[in-house]
Colleague: 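First the structure, then my questions, so here it is.
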Amino acid sequence: MSRNITLTMIKPDAVSKGYTGKIIDHFITNGFKIIAMKKLKLSDTKARSFYAVHKERPFFEDLIKFMTEGPVVAAVLEKENAVESFRETIGATNPADAAEGTVRKLYAENIERNAVHGSDSDENANIEAHFFFSDIEFC
Ligand code: CMP
């Protein structure tokens with residue numbers, strides 16, 4: 001049976017400000033189980049590949065510059081209805097629109113430097129989880 005997962009990255013803005021611990025605690029407090037996690041610096045090539053779906057967007061080059069400016073923390077999280085539940089936990093893409101108490105409301109700077117990534121579907125969660133991790137790392 002496949003597991004109910006989502007993929008998150010704590011982005012360079014939040015990592016560099018020292019929010020990693022607080023954000024991970026927020027995930028756990030909201031019922032997510034960490035089944036894989038690593039800190040890494042995305043290469044230009046890896047960032048372009050991860051965000052390929054946005055390559056025609058006007059913000060794409062800025063996004064790649066931002067996502068490669070420093071380390072990220074990537075994690076696979078498990079919970080019932082993981083994708084939808086996690087999107088509620090992190091709040092709207094633009095922190096100005098995010099609900100009170102969400103990760104982005106608490107820690108994000110703006111629509112680009114928005115502290116965390118969350119998968120947008122079960123299919124993409126599986127693809128994104130395997131972008132960073134192999135099955136043997138899920139525990
Ligand atoms: P994320 O959930 O990782 O998915 C794509 C990212 O692109 C998004 O978070 C933001 O970091 C960035 N992004 C989305 N929309 C915009 C926008 N209008 N302007 C700048 N950056 C954006």
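Quick caveat: nothing in here was measured; it's all calculated off a predicted structure. When a residue number appears, it is its place in the shown sequence, counting from 1. Atoms within a ligand are numbered from 1 in the order they appear, just like the ligands themselves.
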Colleague: Looking at side-chain heavy atoms only, is the closest gap between Val116 and Phe27 below 4.5 Å?
Modeller: yes
Colleague: Could you find the nearest protein heavy atom to atom 10 (C) of ligand 1 and give me its residue, atom name and distance?
Modeller: Ile111 O, 3.3 Å
Colleague: Just by distance, no angles: are the side chains of Ser85 and Glu88 close enough, under 3.5 Å, to form a donor-acceptor pair?
Modeller: no
Colleague: Side chains of Val83 and Asp120: closer than 4.5 Å at any heavy-atom pair?
Modeller: no
Colleague: Ligand 1 versus Glu128, non-hydrogen atoms closer than 4.0 Å: side chain, backbone, both, neither?
Modeller: neither
Colleague: Anything under 30° is parallel, anything over 60° is perpendicular, the rest tilted; go ahead and classify Phe50 against Phe132.
Modeller: tilted
Colleague: Would you say Met67 and Pro12 make side-chain contact, with heavy atoms under 4.5 Å?
Modeller: yes
Colleague: Starting from atom 11 (O) of ligand 1, what is the nearest protein heavy atom, named by residue and atom, and what distance separates them?
Modeller: Glu112 O, 2.8 Å
Colleague: Does ligand 1 have a heavy atom under 4.0 Å from the side chain of Lys11, from its backbone, from both, or from neither?
Modeller: side chain
Colleague: Say whether Tyr51 and ligand 1 are in contact under the criterion: heavy-atom distance to a ligand atom below 4.0 Å.
Modeller: yes
Colleague: At what distance is the nearest protein heavy atom to atom 17 (C) of ligand 1, and which residue and atom is it?
Modeller: Phe59 CD2, 3.4 Å
Colleague: Which ligand 1 atoms, with their elements, are less than 4.0 angstrom from a heavy-atom of Leu63?
Modeller: 6 (C), 7 (O), 11 (O), 12 (C)
Colleague: Do Phe60 and Tyr51 make the cut of ring centroids closer than 6.0 angstrom?
Modeller: no
Colleague: Check each atom of ligand 1 against the heavy atoms of Arg104 and keep those under 4.0 Å away; list them by number with element.
Modeller: 2 (O)
Colleague: Mind checking whether Thr93 has an N or O less than 3.5 Å away from an N or O of ligand 1?
Modeller: no
Colleague: Assess the residue pair Phe86 and Ser119 against the criterion (side chain to side chain contact (heavy atoms under 4.5 Å, CB included)); give the C-alpha distance rounded to whole Å, side-chain angles, the decisive distance to 0.1 Å, and a yes or no.
Modeller: CA-CA 8 Å; Phe86 191 67; Ser119 305; over 6 Å; no
Colleague: Which of the numbered atoms in ligand 1 are below 4.0 angstrom from a heavy atom of Asn114?
Modeller: 8 (C), 9 (O), 10 (C), 11 (O)
Colleague: Are the aromatic rings of Tyr19 and His26 close, with centres under 6.0 Å apart?
Modeller: no
Colleague: Under the 6.0 Å and 45° cation-pi test, does Lys11 pair with Phe66?
Modeller: no
Colleague: Quick one: which ligand 1 atoms are inside 4.0 Å of a heavy atom on His54?
Modeller: 4 (O), 5 (C)
Colleague: Going by the order shown, which atoms of ligand 1 are within less than 4.0 Å of some heavy atom of His117?
Modeller: 1 (P), 2 (O), 3 (O)
Colleague: For Arg113 and ligand 1, answer yes if some heavy atom of the residue is under 4.0 Å from a ligand atom, otherwise no.
Modeller: no
